[in-house]
Amino acid sequence: MLLEDNTTNQKPSTAFCVALGGVITSLVMLMMFCATMFPMLDYAIPAYAGFLMVVVIVEAGKKWALLTYCACAVLCPLMTPDYQANLLFVLFMGYYPILYVMLGKIKSSFFRTLLKFLIFNAAIIMYALAFQYIFTTADLLEGMESFGKWAAPALLLMANAFFVVYDYLLGMLIDVYIDWFRTKILNRR
């Protein structure tokens with residue numbers, strides 16, 4: 001389903017948009033703090049937190065979703081100690097659902113898919129470089145010594161495989177939110 005900027009016919013009030021952005025920001029902060037308590041979910045929690053941006057897009061629009069993402073991107077590194085989850089959220093998972101909606105308007109599926117992969121790979125390479133040069137105490141390739149010089153390409157290949165699944169599931173979650181949750185639970189059309 002092609003997600004429009006705002007699925008309702010009437011424009012939501014500014015107060016509603018600010019309140020929704022604040023609630024979503026607090027939920028993102030809570031989820032990102034949970035990444036500290038559950039370190040095995042370092043990669044899953046930013047994906048869940050990023051999906052919350054879909055709620056803001058549907059209910060308030062892309063502009064408010066971008067503002068909410070910016071608030072989360074500033075607050076997460078300041079208030080939550082898990083830098084791996086924070087970096088993943090800031091570099092990709094937080095804004096990708098917004099970008100997914102914007103890229104959905106591109107007619108050519110080949111060009112849209114190519115653009116998605118280019119953006120994802122740029123974000124993952126920036127993530128890896130941050131680990132190599134900023135967070136020098138953590139090794140991103142830990143446990144992959146048996147791959148030798150192919151460890152980094154193997155990790156990038158696995159990340160791209162994850163991205164294919166993530167992109168597909170994000171589209172399905174958007175459909176579930178609009179077609180089921182929004183209509184059955186929130187009673188909105």
Side-chain angles (χ1 to χ4, degrees), residues 1-9 12 16-17 20-21 23-35 38 40-73 76 84-124 127 155-189:
M1 164 180 268
L2 180 63
L3 182 65
E4 295 298 321
D5 188 20
N6 190 356
T7 56
T8 60
N9 292 335
F16 172 80
C17 295
L20 180 65
V23 168
I24 295 298
T25 300
S26 65
L27 285 172
V28 167
M29 295 300 298
L30 177 66
M31 291 179 82
M32 296 302 286
F33 186 74
C34 286
F38 305 106
M40 68 293 258
L41 298 176
D42 273 349
Y43 302 111
I45 287 179
Y48 300 145
F51 175 72
L52 291 173
M53 296 301 147
V54 171
V55 176
V56 182
I57 295 168
V58 172
E59 303 300 336
K62 287 183 291 212
K63 178 183 93 170
W64 287 100
L66 283 170
L67 289 171
T68 303
Y69 162 72
C70 289
C72 294
C76 278
Q84 285 182 327
N86 289 334
L87 195 60
L88 193 58
F89 179 81
V90 169
L91 289 178
F92 185 72
M93 296 295 186
Y95 69 83
Y96 184 72
I98 303 166
L99 195 63
Y100 181 89
V101 172
M102 293 178 183
L103 292 175
K105 295 179 181 178
I106 297 175
K107 300 280 189 239
S108 170
S109 64
F110 173 76
F111 184 65
R112 181 177 54 242
T113 304
L114 179 67
L115 201 53
K116 285 179 181 183
F117 274 101
L118 287 174
I119 292 167
F120 173 74
N121 283 302
I124 291 302
Y127 180 75
L155 190 62
L156 189 61
L157 184 66
M158 287 186 284
N160 278 284
F162 162 77
F163 174 68
V164 169
V165 173
Y166 172 72
D167 187 62
Y168 176 74
L169 290 177
L170 181 63
M172 291 189 66
L173 282 172
I174 290 171
D175 288 344
V176 166
Y177 177 75
I178 292 172
D179 295 337
W180 180 77
F181 187 80
R182 197 163 190 273
T183 57
K184 301 268 195 256
I185 307 297
L186 298 178
N187 291 326
R188 292 185 172 194
R189 300 273 175 218

(message) Ring-plane angle category for Tyr43 and Tyr127, please: parallel below 30°, perpendicular beyond 60°, tilted otherwise.
(response)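 Plane angle over 60°, so perpendicular.
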Is any side-chain heavy atom of [Y] closer than 4.5 Å to one of [X]?
X: Cys34; Y: Ile45; answer: yes
X: Leu99; Y: Ile119; answer: yes
X: Ile98; Y: Leu66; answer: yes
X: Met53; Y: Cys72; answer: yes
X: Asp175; Y: Trp180; answer: no

(request) Please test Leu115 against Ile106 for side chain to side chain contact (heavy atoms under 4.5 Å, CB included), starting from the C-alpha separation and ending with a verdict. (result) CA-CA 10 Å; Leu115 201 53; Ile106 297 175; 3.9 Å; yes
Closest approach of [X] to [Y] (non-hydrogen atoms, all atoms of both residues):
X: Ala71; Y: Thr25; answer: CB-OG1, 4.2 Å
X: Val28; Y: Cys76; answer: CG1-SG, 4.2 Å
X: Leu41; Y: Pro46; answer: O-CD, 4.1 Å
X: Tyr69; Y: Gly94; answer: CD1-C, 3.5 Å
X: Ile57; Y: Ala65; answer: CG1-CB, 3.4 Å

Find the distance between [atom1] ([X]) and [atom2] ([Y]) and round it off to the nearest 0.5 Å.
X: Leu118; Y: Leu114; atom1: CG; atom2: CG; result: 4.5 Å
X: Leu173; Y: Phe51; atom1: CG; atom2: CZ; result: 4.5 Å
X: Leu155; Y: Phe162; atom1: CG; atom2: CZ; result: 12.0 Å
X: Lys107; Y: Arg112; atom1: NZ; atom2: CZ; result: 9.5 Å

(message) Holding to side-chain contact (heavy atoms from CB on, under 4.5 Å), I want the full list of residues that pass it with Phe16, two or more places apart in sequence or in another chain.
(response) Pro12, Ser13, Leu20, Glu59, Arg188
(message) Does Met172, at its CE atom, have more than 12 non-hydrogen atoms belonging to other residues, nucleotides or ligands within less than 6.0 Å?
(response)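 Check fails, neighbour count at 12 or below.
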(request) Count the heavy atoms belonging to other residues, nucleotides or ligands that lie under 6.0 Å from CZ of Phe117, then report whether that count exceeds 12. (result)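 Correct, the count exceeds 12.
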(request) Scan Val58, Val55, Val176 and name whichever one has a side-chain contact (heavy atoms from CB on, under 4.5 Å) with Arg182. (result) Val58
(message) I'd like to know whether Leu88 forms a side chain to side chain contact (heavy atoms under 4.5 Å, CB included) with Asp42, so could you lay out the CA-CA distance, the side-chain angles of the two residues, the decisive distance to 0.1 Å, and finally the verdict.
(response) CA-CA 9 Å; Leu88 193 58; Asp42 273 349; over 6 Å; no
(message) I need the full list of side-chain hydrogen bond (donor to acceptor under 3.5 Å, both in side chains) pairs touching residues 160-173, with sequence neighbours left out, sorted by first then second residue.
(response)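 Output for this query lists Tyr96-Asp167, Lys116-Asp167, Asn121-Asn160.
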(request) Determine yes or no for a side-chain-to-main-chain donor-acceptor pair under 3.5 angstrom, with Tyr95 supplying the side chain and Phe89 the backbone. (result)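 Looks like no, no N/O pair under 3.5 Å.
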